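Written out below as C-alpha cells is the structure these notes cover.
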Amino acid sequence: NSIPVPPPRSPPTLPPSQPAIFIPVDRSPEIQEARLLLPILAEEQVVMEAVTHNRVVVISGETGSGKTTQVPQFLYEAGYASGDGIIGVTEPRRVAAVSMSQRVAKEMNLSDRVVSYQIRYEGNTTENTKIKFMTDGVLLKEIQRDFLLTKYKVIIIDEAHERSVYTDILIGLLSRIVPLRAKRGRPLKLIIMSATLRVEDFTANESLFPARPPVIEVGTRQFAVTVHFNKRTPLDDYAGEAFRKICKIHRMLPPGGILVFLTGQAEVHSLCRRLRRSFPHRPVPDPGEGEGRKSQTWIDLANYSSVPLEEEEAEDREAGSDGDGEAGSEADLDLGDGDGAEAGECLTPGVSPVFRPAPGGTRLCVVATNVAETSLTIPGIKYVVDCGKSKRRFYDQLTGVSTFRVTWISQASANQRAGRAGRTEPGHCYRLYSSAVFADFEEFSPAEITRRPVDDLVLQMKDLNIEKSLVSAEELLISLGALVEPLQTGRYKELERAKLSCPISPLGRAMASFPVAPRYAKMLALSRQHDCMQYAITLVSALTVRELFEEFNRPAVNEEETQKLKGKRARVAQMQRIWAGQGVSLKLGDLMVVLGAVGACEFAGCTLHFCTQNGLRYKAMLEIRRLRAQLTNATNAIYPEAGLFVDPKMKPPLESQVTMLRQMVLAGLGDQVARRLPPGEVLEDKWRNAYKTPLLDDPVFIHPSSVLFKQLPEFVVYQEIVETSKMYMKGLTEIEAEWIPLLLPRYTHFEKPLESPPPSYCPDTGRVRCHRASTFYRVGWQLPAVEMDYPEGLDRFKHFAKFLLEGKVIKKFASYTSCLLSSPAVLLKTWAKLQPRTDILLQALASEGVDCREALLTTWKKSNQCEYNRRLDLDVLHCGLCAEELYRWLCSVDLLLALCVVNRCSVETTQ
DNA sequence: GAGCACTGC
C-alpha cells in the first residue's frame, strides 16, 4: 500500500558521475531480512542519486518507513562518513537520539564508538565516530562554535514536520551554511526528513531554498487504521464520552489494547479511577507510592493509567446510565472497512520498558495525555479513543502572562493519534467528535517558535552575528546589559534600526555560553562577583527545570484518599516552610525553598525515597543534578579561576549571600517586578492584597503555594505569571525598593540630584556622589532616594572643582583652601558664571573631561609625561611633594585652573 | 486560598 515514488527532479545536465564508493557493512542475516521489509529500502538508489546531485534533499514519509534508521546507513555505505567528514542526524527528543544511535549501531554491527549519540548531558562520541545522532539543540550549540560545521559531510534533520524551535532555526541556518560550504569546495549535504503533510513548509519557502529541493516520498509499513467519527460532538464531557466508548469497545470488540487521549493529569486520574471501579481487578498500586514508581511522569502514565480490564467485567452502572441513544448504540463501533484509514506516525524504536503486558484474561487500557502522541510508544494498541483536544500553554508576548487552555488539536495531531492504533496490526480510531468538527481543525499546530518567548533565541543568533528583527526581545537583552545600548541620537526610525542591529556585548557573549534563558544567564554571569556561584548555579538549574514539587491537588475519589492527599500536602507545605527559613532567608522566598529542597535532596543522596517522602519530583531532581553539573562546567570554562565543583553537601548560603542572591535575581529579572498596592490605595475589593506590575492593568496575586503568600512584601520579583482563576505570580523573591535604581538603572527614571543630603566626594572611587530619587519605568512608582555617582554633565564638573579646591581630592590641597579668594562653594552658586575665574576653571576642567580623580591624574600624566613620569609611580595622594608639584602644575600650565581662583600671594609662595 | 500539556541547549 505504498505511495508511488515520483522520480526526483534532476538537473538538466548531470555532472560527470563519480567513481562509486562502497563501504562494506557486516549485517546479521536477521537484520538484513528485517530491513528488506522497510519501504525506504526500495528507494536507496533514488535517495542516493538525489543526494549526489543536490545540496538539499527532502525525504517525506511517516516514521514507519524506517527512514530514520536507514538513510544514515545508505550514506555511510556510499562513503559519506569515510575520510574527514561524518554524518550528523538531529532528533527533537533525547530518547530518540539515544535509541536511534543504539539501533543503527546494532543494525550495522558497529560499536557505539562509531555510531554514537550526543545529548545535552551525555554522549558516547569518539574520534572514531562516523554517524552521530544528537538532539537539535546540540547541533545548534555546535554551530555557535563552528559556524560551517566543518566536521560534517551530511546533516540529516529528522522529524522536521514537528517544527520544534531548534529544528526551525537549524534549517534556517543550514540553508545559509550549505552554499557557504559549497563555495569553499567542501560541500555539505542537507537532508530534511518530514512527514508528508508538511513538506511544503520547507520546499515552498523561497527565502529558505531559492531552488526548490527535490522531494522523495516513501511509503510506510503502517497498518490500516479505520477512523470512526462520532455523529455528535459532546460539548464538555469528553471524559465521560471516552468512558462510555471504552466500555463499549471492551464489551464488544476483539482483544487488543486501548489507548485513550485526554488533556490533563486530573482527567487521567479520574477516568482511571472510574474504569477501575467499573471493572475491578486486583488492587492497582497508588500512583503516589510503591517502589515500582521509578519516575513521576512515566510511571504516572504507566502505573496508574494502565488499567487491566477483566473479561468478566462488573456491572457497568455508569455506562448503563448513558442516555444518549445515538452515541450509546453499537453502530458507532462499526468495524467494517471504512475508507477513513489514515497513516500516522507510530514507530519510536526502543519501546519503553515501563509498560508491563496486561495480565492474562484482561485487556490493557492506557489513559494518557499528549505524551503518548510522540514521546511514548505503547505496544499492543489496537484501539485509539481520541477526545480531539489537548491542553496547551499560551504565552502572551506583550504581558508575559501564561495560560493553559484546552483546545481542539490539529488534523495532523489527530492523524498522529490515530496512527498509534496501527502499529502491530490493523486498528481502529474512535474520534469523540464529528467529521464536520474535524474538518474545522487547523491543518497543523502552529510552529513552536510562534508560541514562545524568543529572547534566548535572539541572543544565540546575535552570538552567531545574525540579525533578527525581534524588537521586544532585543529591548529585554539591552535592559539586561547583554547588548550595547543604541545611540540616543538621530531620528526615531534610525533609532529603531539601530536597536535591531545592536552588536552583542562581552556580557552577552558570556551569557550566550550558558545553556539557559538569558535572564538566568545574567544571574550566573553576575554571581561571580560575590562568591555565590554555586548557589546561583543551583538556583538557575532548579528554575530551569521547574515544577520541582509533586501535585497533590487532584480531586480525591473517597474520604480515605482525601485524607491521604491532605497529609501529603501538609507535609510538603511544612518542608517548604523549613527550607524557606526565617528572617533574611525567607526574603529569598520561593527561591530559598528551591535552594533548600535541592540542597537537602542532594545531601540525602538524591534518592527516590527522599523525593517521595518530601513531595519532590524525582525526575526533576535528577535533571537538576545533571544541569548543575553542566552549568558548573560551563562556568569553570569561562572563569577558570572559579574552580567550582558540584558539592553534594553544599552548606546553606550565609545571610550576606542570601542578600546577594536576591540582588542577582532582581538584576536578572528586572522586568518582572511587582509592587503591592498600598492598603490605603485599595478602592475596589478586587485589589485587596493585589500587586501591580508594569505591563498589566489588572491586579496580580501571590500564588497560595508561595511561602510569601502571607508575608505580602511590598516589592517582589516573580518567575512567571500564570492565569487560572486569577492572575497568579509564582516563584517569588522579596526585594528592597532601594535596590531597583542601583541594579536596574535602565528601568529607572532618575530625578535631579538632591541638594540634601548634599553631593559628596567618595575617597575610594574618586568620584562625585549624590542622592537621587527616582521612579520605576511605565508605572512611575516612587523609589527612595539612593546614593550614586553624580550624573554626567556640567554640574559634575562644578562639584568636582569644589571638592578639588576643598582639598578632598588631593588631601594636601586643603592647606591652600584658606588662601582662596572666594569659597569653593561659590562654584555651585547660580551666579558663579558671573565670576570669570570660576568659569575659566570650569571650562578648563570640562575641556579636559576632568570630573573625577582618575581623569585628573590621567590628564596630568598625559601633560607631564617627561617631567613627572618617575614621581607618578609614587602614591600621589599621600606624598606631599607630588601633591605640591601637581598643584603647581594645575596653577601654571595646562588647566589654568587655580590661578583664577587662588589668591595671588598664595600662588607666588607655592611657585 | 490553589488544580500545568509536551520538549530542547
Side-chain angles (χ1 to χ4, degrees), chain A residues 90-97 118-123 134-145 159 162-170 261-270 296-297 300-301 368-376 387 389-395 402-407 409 413 416 445 448-449 451-452 456-457 459-460 463 511-518 520-521 541 544-547 549-556 565 569 572-573 617 623 626-627 630-631 633-634 688-689 701-706 709-710 720 722-726 728-730:
Chain A
T90 73
E91 296 290 335
R93 279 170 292 282
R94 292 180 199 156
V95 269
Q118 178 72 49
I119 61 173
R120 177 164 191 157
Y121 303 113
E122 60 187 50
M134 66 202 120
T135 35
D136 44 16
V138 166
L139 187 62
L140 194 57
K141 276 282 165 195
E142 287 188 18
I143 293 181
Q144 260 171 285
R145 291 192 292 271
E159 314 280 16
E162 287 189 20
R163 300 292 311 273
S164 79
V165 262
Y166 290 147
T167 289
D168 274 10
I169 289 174
L170 275 178
F261 284 98
L262 292 182
T263 69
Q265 214 182 53
E267 278 171 18
V268 170
H269 273 288
S270 125
Q296 195 256 342
T297 315
D300 275 357
L301 289 168
T369 61
N370 260 353
V371 263
E373 205 173 295
T374 49
S375 306
L376 293 180
C387 75
K389 300 198 168 182
S390 72
K391 187 178 285 175
R392 286 196 306 161
R393 187 183 190 122
F394 289 81
Y395 180 80
S402 295
T403 44
F404 287 87
R405 275 180 248 152
V406 173
T407 59
I409 59 178
S413 286
Q416 179 96 335
S445 313
E448 189 192 357
I449 200 161
R451 299 192 292 110
R452 78 195 277 289
D456 55 337
L457 304 176
L459 182 58
Q460 289 195 50
D463 199 40
M511 285 164 59
S513 69
F514 289 116
V516 291
Y520 296 149
S541 301
T544 298
V545 172
R546 54 201 282 170
E547 307 304 334
F549 292 93
E550 297 249 31
E551 191 62 67
F552 296 119
N553 281 322
R554 59 173 181 269
L565 288 172
R569 279 197 297 267
V572 171
R617 283 180 50 223
E623 179 84 5
R626 301 206 283 180
L627 188 50
Q630 192 193 27
L631 292 179
N633 290 337
R688 230 153 53 93
N689 294 339
F701 298 87
I702 295 184
H703 193 273
S705 67
S706 170
F709 180 65
K710 286 180 180 153
E720 59 174 355
V722 179
E723 184 177 11
T724 49
S725 56
K726 281 178 175 176
Y728 282 115
M729 298 182 284
K730 302 178 110 178

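Within every chain, numbering begins at 1; the chains are lettered A, B, ... in the order of the sequence lines, protein sequences first and strands thereafter. Here the structure is a predicted model, which is why all the values come from computation and not from measurement.
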Under 4.0 Å: is that the gap between some side-chain N or O of [X] and OP1 or OP2 of [N]?
| X | N | result |
| --- | --- | --- |
| A/T724 | B/dG3 | yes |
| A/H269 | B/dG3 | no |
| A/T135 | B/dC9 | yes |
| A/K141 | B/dC9 | no |
| A/Y166 | B/dT7 | no |
| A/S705 | B/dG1 | no |
| A/R452 | B/dT7 | no |

Does A/E267 come within less than 4.0 Å of A/K389, counting only side-chain N to carboxylate O?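 Here A/E267 does not pair with A/K389 in a salt bridge, since their nearest N and O are not under 4.0 Å apart.
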Euclidean distance, atom [atom1] of residue [X] to atom [atom2] of [N] [Å, nearest integer]:
| X | N | atom1 | atom2 | value |
| --- | --- | --- | --- | --- |
| A/E551 | B/dG3 | CD | C1' | 6 Å |
| A/R546 | B/dG8 | CZ | P | 14 Å |
| A/F709 | B/dG3 | CZ | C1' | 15 Å |
| A/E122 | B/dG8 | CD | C1' | 14 Å |
| A/Q144 | B/dG8 | CD | C1' | 14 Å |
| A/I409 | B/dC6 | CD1 | P | 15 Å |
| A/D463 | B/dC9 | CG | P | 18 Å |
| A/F552 | B/dC4 | CZ | C1' | 15 Å |

From the list [options], which nucleotide is the closest neighbour of the side chain of [X]?
| X | options | value |
| --- | --- | --- |
| A/P704 | B/dG8, B/dG1, B/dA5 | B/dG1 |
| A/I119 | B/dA2, B/dC9, B/dC4 | B/dC9 |
| A/S725 | B/dG1, B/dC9, B/dA2 | B/dA2 |
| A/E448 | B/dG3, B/dC9, B/dT7 | B/dT7 |
| A/R120 | B/dG1, B/dC4, B/dC9 | B/dC9 |
| A/Q265 | B/dG8, B/dA5, B/dA2 | B/dA5 |
| A/H703 | B/dG1, B/dG3, B/dA5 | B/dG3 |
| A/N370 | B/dT7, B/dG3, B/dA5 | B/dA5 |
| A/D136 | B/dG8, B/dC4, B/dC9 | B/dG8 |

Roughly how far, to the nearest 0.5 Å, is [atom2] of [Y] from [atom1] of [X]?
| X | Y | atom1 | atom2 | value |
| --- | --- | --- | --- | --- |
| A/N689 | A/F709 | CG | CZ | 7.5 Å |
| A/M511 | A/D456 | CE | CG | 10.5 Å |
| A/L139 | A/K141 | CG | NZ | 12.5 Å |
| A/Q460 | A/I169 | CD | CD1 | 7.0 Å |

Test of understanding: with side-chain hydrogen bond (donor to acceptor under 3.5 Å, both in side chains), list the residues that count as partners of A/E448, not counting sequence neighbours.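 A/E448 satisfies side-chain hydrogen bond (donor to acceptor under 3.5 Å, both in side chains) with no residue once adjacent residues are dropped.
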For A/F701, answer base if it contacts any base atom (sugar-phosphate contacts may also be present), sugar-phosphate if it contacts only those atoms, and nothing otherwise; contact means non-hydrogen atoms under 4.0 Å.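 Result for A/F701 = nothing.
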How is A/T263 classified with respect to the nucleic acid when contacts are heavy atoms under 4.0 Å: base, sugar-phosphate, or nothing? sugar-phosphate
Nearest heavy atom decides the nucleotide; on that basis, is A/K391 or A/N689 closer to the 5' end of DNA chain B?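 Residue closer to the 5' terminus by nearest nucleotide: A/N689.
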How do A/E720 and A/V165 order along DNA chain B: which one's closest nucleotide is nearer the 5' end? A/E720
Partner set under ring pair (Phe, Tyr, Trp, His ring centres under 6.0 Å) for A/F549, not counting sequence neighbours: none
Indicate, yes or no, whether a donor-acceptor pair under 3.5 Å links the base of B/dC4 to the side chain of A/E547.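 Side chain to base: pair present.
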